[in-house]
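No hydrogens, no waters, no symmetry mates; every other heavy atom, side chains included, goes into these values.
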Amino acid sequence: MSLKEWIKELNNIVFFGGAGVSTESNIPDFRSDNGLYKKQYPYPAEVMLSHSFYESNPKEFFEFYFN
């Protein structure tokens with residue numbers, strides 16, 4: 001049975017992907033040194049989404065969040 005035939009017979013399929021899959025496909029990642037977050041923002045995403053960052057930088061927090 002081919003993969004295509006096997007997939008057609010299934011009711012549900014789950015795919016687990018991540019940065020390794022996207023970067024191998026030439027899709028830019030978010031967190032690496034050349035990632036999208038570091039090109040646009042001076043702080044890592046984890047920092048910018050934190051409560052303490054929100055309290056001290058609400059304008060930047062909402063700009064990041066809504067973008």
Side-chain angles (χ1 to χ4, degrees):
M1 177 182 291
S2 73
L3 177 61
K4 183 178 178 180
E5 293 168 336
W6 185 55
I7 289 173
K8 279 185 172 183
E9 291 183 9
L10 298 174
N11 293 324
N12 299 298
I13 297 175
V14 177
F15 173 77
F16 292 100
V21 173
S22 58
T23 53
E24 285 293 318
S25 303
N26 293 321
I27 299 170
D29 64 15
F30 292 95
R31 295 184 190 139
S32 70
D33 289 338
N34 294 321
L36 297 175
Y37 288 152
K38 291 193 179 179
K39 289 182 178 181
Q40 283 188 300
Y41 304 103
Y43 306 98
E46 296 82 7
V47 170
M48 294 188 76
L49 291 173
S50 69
H51 186 260
S52 58
F53 187 85
Y54 162 74
E55 289 183 323
S56 59
N57 304 285
K59 182 178 183 246
E60 291 87 353
F61 173 87
F62 284 109
E63 284 176 6
F64 176 80
Y65 185 78
F66 287 113
N67 283 333

- Transitive ILVMFWY cluster of F16 at side-chain heavy atoms under 4.5 Å: who else is in it? V14
- Item | Residues clustering with I13 (ILVMFWY side chains joined when closer than 4.5 Å, directly or via others) | M1, L3, W6, I7, L10
- Those residues at least two apart in sequence (or on a different chain) that pass salt bridge (Lys or Arg N to Asp or Glu O under 4.0 Å) with K59 are E63
- Query: Which atom names give the shortest non-hydrogen contact between F53 and F61, and what distance separates them?
  - Reply: CE2-N, 3.8 Å
- Shortest non-hydrogen contact from P58 toward E55: CD-O, 4.0 Å
- For S52, side-chain hydrogen bond (donor to acceptor under 3.5 Å, both in side chains) partners two or more places apart: S50
- Message: Going by the rule side-chain hydrogen bond (donor to acceptor under 3.5 Å, both in side chains), which residues pair with E46 if we only count those two or more places apart in sequence or in a different chain?
- Response: R31
- CG on N67 to OH on Y41, rounded to 0.5 Å: 4.0 Å
- Item | From L49 atom CG to F64 atom CZ, the distance as rounded to the nearest 0.5 Å | 4.5 Å
- Looking at residues at least two apart in the chain, or sitting in another chain, which of them share a side-chain contact (heavy atoms from CB on, under 4.5 Å) with F62? Y54, F66
